[in-house]
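The structure displayed is predicted, hence computed values, not measured ones. Every number for a ligand or one of its atoms is a count from 1 in the order of the listing.
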Amino acid sequence: MPQMKLRIAIQKSGRLHEDSIKLLKECGIDINNGVNKLKTEATNFPLEVFFLRDDDIPQYVEDGVADLGIVGENVVLEKNRPLRTVEKLGFGKCRLAMAVPKSMEYSSIRDLQGQRIATSYPVIVNDFLRKLDIQAEIHEISGSVEIAPGIGLADAICDLVSSGSTLFMNGLKEVETVLRSEAVLVSNDKLSPGQQQLLAKLQFRIQAVKKAKNNKYVLLNAPNDKLPEIIGLLPGMKSPTVLPLAEEGWSSVHSVLNENDFWDIIENLKAAGAQGILVVPIEKMVV
Ligand code: PRT
Ligand code: ZN
């Protein structure tokens, strides 16, 4: 009988390495940091971790050498392998964008018609241009794409952008977003029923970690006559917890706030008479 475990491929070094390990650790999975190693075993979960170049991860997962992988969506789409995206992971966020020299007049994607575009993502770029019916010459280069216009190799580039400072420093301006990307957990369709159960367990933990990151635990004090208004401002998981304070006529209110509307709600709470507002990170959240 085959040994029941999952094998996950993560980036050996680079932008996704640390966050991938951190996510596994936050899921309560203990692994030795395997820099310069090919693989390692988790000590408290049936998981083997392979350290690979990100470009190789889709193929390893498709071939069943690994069952799961953590890799950027940009790589998954470029490699065009039949993989299942199990979960978006919320880190490694970036966009694949077209950029042209600052001096170029650019009004629409039509301006790229007949131009030479340098990129490490020929599959995605071809697909993007084909859908828009633009013909362009694609030059595939593997690194330092941003210098291509400056040395006369291309008229435009399509590359990953996060802060935009690389484009800026090379005299380029971003003109089109081709794709928004983040790290994802992918799997193949070869998992045994037992492995699928293990994956469900892992996914449950990942979701709890992700939810916790997007939420904060908030504690505040309020005079009792302000409570209805304050409670009305709080979404909470069910409803806020209200506890009497030692000081007569005052209560402590506890609730959970989502990061997206966090600051608005805090301002409104203050305006409604809340005092001593404490905001605490949540480690895991299961709803
Ligand atoms: O060795 P290996 O092949 O595994 O790594 P790699 O060099 O191919 O990839 P790596 O580690 O650079 O990136 C891994 C993944 O991180 C990418 O596939 C993306 O999914 C994600 N990611 C997120 C990024 C960026 N942000 C990013 N900014 N990958 C690359 N960049 C580069 C970009 O190519 C450009 O050179 O950073 C520069 C732009 O950054 P800003 O901040 O100046 O805009
Ligand atoms: Zn790579």
Requested in this report: Kindly indicate whether a cation-pi arrangement holds for K102 with F168, taking the cut-offs as under 6.0 Å to the six-membered ring centre and within 45° of the axis.
Outcome: yes
Query raised in the report: Going hydrophobic residue to hydrophobic residue with side-chain gaps under 4.5 angstrom, can you get from L23 over to V186?
Result: no
Report task. Using a strict cut-off of less than 4.0 Å between a Lys/Arg side-chain nitrogen and an Asp/Glu carboxylate oxygen, indicate whether E62 and K79 qualify as a salt bridge. Result -> no
Query - Path from V49 to M4 over hydrophobic side-chain contacts below 4.5 Å - result: yes
Requested in this report: Classify the ring geometry between H254 and Y217 as parallel (under 30°), tilted (30 to 60°) or perpendicular (over 60°).
Outcome: perpendicular
Requested in this report: Give the cluster check for Y60 versus L191: same hydrophobic cluster or not, with ILVMFWY residues linked at side-chain heavy-atom distances below 4.5 Å.
Outcome: no
Report task. Could you please provide the protein residues found below 4.0 Å of ligand 1 on a heavy-atom basis, arranged by chain and number? Result -> Q11, S13, G14, R15, L16, R53, D54, D55, G72, N74, V75, G92, K93, C94, D159, L160, V161, S162, S163, G164, S165, T166
Requested in this report: With the Zn ion (ligand 2) as the reference point, give the N/O/S atom of D54 that is nearest.
Outcome: OD1
Requested in this report: Find, among atoms of D55 that are N, O or S, the one nearest to the Zn ion (ligand 2), and state its name.
Outcome: OD1
Query raised in the report: Between K5 and E48, is the closest basic N to carboxylate O distance under 4.0 Å?
Result: yes
